Amino acid sequence: MYGIFMESVVIFKNYAGGRYLAALFFLALLYLLVTEKNKRRRAMLVYMPVSLLLGFFFPITRKAFVRLMGEGDTYYRILWLVPMGIVIAYGGVKLAGAICGRCKKGGQWAKRLTLALLAAAVMLCGTYVYASQYMSKAENLYHIPQKVIDICDVIAPAEGEERIWAVFPTDLVYFVRQYDTDIQLLYGREMVEPKWQYAEPVHTVMNHPTMIDIGELLALTRERNCIYIVLPNNKGVSENPENFGLELLDTIEGYPIYYDPVAARMMEEG
């Protein structure tokens with residue numbers, strides 16, 4: 001039980017973004033516990049967060065979660081229900097208001113100074129999110145790589161036409177269906193994430209570290225009426241795809257886009 005409790009502590013530390021923001025949260029929680037008199041606010045900003053945290057750290061809760069959900073990797077999502085930011089902000093504003101009320105002279109300036117110090121404390125305790133390796137400047141309104149949009153525009157069916165099947169490199173599959181749901185993928189995120197341990201023959205061929213066997217790939221894609229194949233831009237191929245009847249439609253940022261008339265004909269013949 002102690003080991004499960006410590007795992008929950010580590011999860012909370014990672015979620016909170018460090019010990020300093022967590023300390024601000026607990027200080028604000030304690031301050032509101034002592035000073036907040038409004039019953040509704042007290043229930044929402046004190047009793048509810050405390051109850052959720054007690055349940056989160058209680059080992060039995062984690063065991064029940066794993067049993068019901070089948071995994072423990074998403075246990076941290078319980079913390080989404082804890083309004084850490086709201087508690088810190090409301091506690092700070094309430095503290096500034098209390099200081100303003102007690103200062104007979106210069107109350108407004110005291111309030112402003114208090115809010116400025118609290119804002120500085122929040123910024124110094126946190127980290128600059130835009131410096132993360134997972135953040136990048138948006139290339140378009142969809143907030144997905146522009147190359148994915150350009151590739152999808154080449155192969156997407158016209159309005160009123162049936163949806164099509166396509167295969168994309170691993171690094172692009174996360175974004176395709178965010179842009180166009182008329183493009184169906186032979187494999188998606190469930191195959192890409194190693195922790196889920198799914199097996200997909202097409203993905204195995206496409207995910208070869210250096211060389212894609214075109215003959216093996218087409219044997220699999222044609223069985224499933226996949227008429228568009230987008231090859232990676234950083235791997236070689238065993239043979240020229242055009243030797244197998246593929247037609248090169250375009251090359252976008254190094255990604256060759258092929259149309260397979262054989263698969264299209266097989267799909268029409270049923």
Side-chain angles (χ1 to χ4, degrees), residues 71 73-74 130 132-159 161-268:
E71 60 169 318
D73 292 343
T74 56
Y130 294 107
S132 169
Q133 60 176 325
Y134 303 108
M135 301 293 292
S136 60
K137 187 176 181 180
E139 300 178 38
N140 46 67
L141 293 176
Y142 297 95
H143 289 251
I144 62 178
Q146 185 61 41
K147 57 191 173 187
V148 175
I149 293 177
D150 295 338
I151 293 172
C152 289
D153 287 343
V154 171
I155 69 175
E159 186 175 353
E161 293 183 353
E162 294 184 0
R163 294 192 295 174
I164 54 95
W165 285 97
V167 60
F168 274 71
T170 297
D171 57 320
L172 303 183
V173 297
Y174 292 95
F175 311 105
V176 176
R177 290 184 63 79
Q178 295 181 46
Y179 177 67
D180 194 336
T181 57
D182 286 332
I183 299 175
Q184 303 174 105
L185 302 179
L186 293 188
Y187 58 84
R189 180 169 174 261
E190 72 280 1
M191 300 298 173
V192 174
E193 293 290 344
K195 65 181 180 180
W196 289 328
Q197 299 182 346
Y198 287 130
E200 164 57 58
V202 178
H203 177 251
T204 301
V205 176
M206 287 285 288
N207 205 39
H208 191 279
T210 57
M211 183 72 63
I212 295 178
D213 189 320
I214 294 296
E216 184 179 0
L217 177 64
L218 290 177
L220 296 168
T221 56
R222 285 171 175 171
E223 287 181 354
R224 298 169 62 179
N225 299 326
C226 178
I227 61 176
Y228 291 103
I229 298 174
V230 182
L231 294 177
N233 63 353
N234 58 353
K235 299 179 184 179
V237 292
S238 60
E239 298 181 55
N240 187 344
E242 295 178 3
N243 294 341
F244 292 83
L246 298 185
E247 299 176 4
L248 181 63
L249 300 178
D250 200 352
T251 299
I252 295 176
E253 294 193 27
Y255 293 89
I257 308 168
Y258 286 97
Y259 170 72
D260 188 356
V262 176
R265 185 169 58 254
M266 293 172 62
M267 184 175 62
E268 291 176 359

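Worth saying up front: this structure is predicted, and the values here are computed from it rather than measured.
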For Leu217, which of Thr204, Ile229, Val237 qualifies under side-chain contact (heavy atoms from CB on, under 4.5 Å)? Ile229
Could you tell me which non-hydrogen atom of Met206 sits nearest to which non-hydrogen atom of Lys235, and how far apart they are? O-NZ, 2.9 Å
Interatomic spacing from CZ in Arg224 to CG in Leu186 - rounded to 0.5 Å: 4.5 Å
CD1/Ile151 to OH/Tyr255 distance, rounded to the nearest 0.5 angstrom? 7.0 Å
Going from CD on Glu139 to CD1 on Ile144, what distance comes out if it is rounded to the nearest 0.5 angstrom? 9.5 Å
Using 0.5 Å steps for rounding, measure from the SG atom of Cys226 to the CD1 atom of Ile164. 7.5 Å
Tightest non-hydrogen contact, residues Leu248 and Pro256, listed as CD1-CB, 4.0 Å
Search all heavy atoms of Leu246 against all heavy atoms of Pro261 and return the closest pair with its distance. CA-CD, 4.5 Å
Aromatic contact between Tyr228 and Tyr259, with the criterion being ring centroids under 6.0 Å apart: yes or no? yes
So which heavy atom on Cys152 is nearest to which on Val176, and how close? SG-CG1, 3.9 Å
Does the side chain of Asn207 come under 3.5 Å of the side chain of Tyr187 through a donor N or O and an acceptor N or O? no
CD-CD1 distance between Gln178 and Ile149, expressed to the nearest 0.5 angstrom: 10.0 Å
Supply the atom-to-atom distance Gln184 CD to Arg163 CZ, rounded to the nearest 0.5 angstrom. 4.0 Å
Using only atom types and a distance under 3.5 Å, with no angle test, would you say the side chain of Asp260 pairs donor to acceptor with the backbone of Ala264? no
Do Arg177 side-chain atoms and Ile183 backbone N/O form a donor-acceptor pair below 3.5 Å? yes
Nearest heavy atoms of Gly215 and Ser238, plus distance in Å: N-OG, 4.5 Å
Looking at Asp250 and Val154, what are the two nearest heavy atoms and their distance? OD2-CG2, 4.3 Å
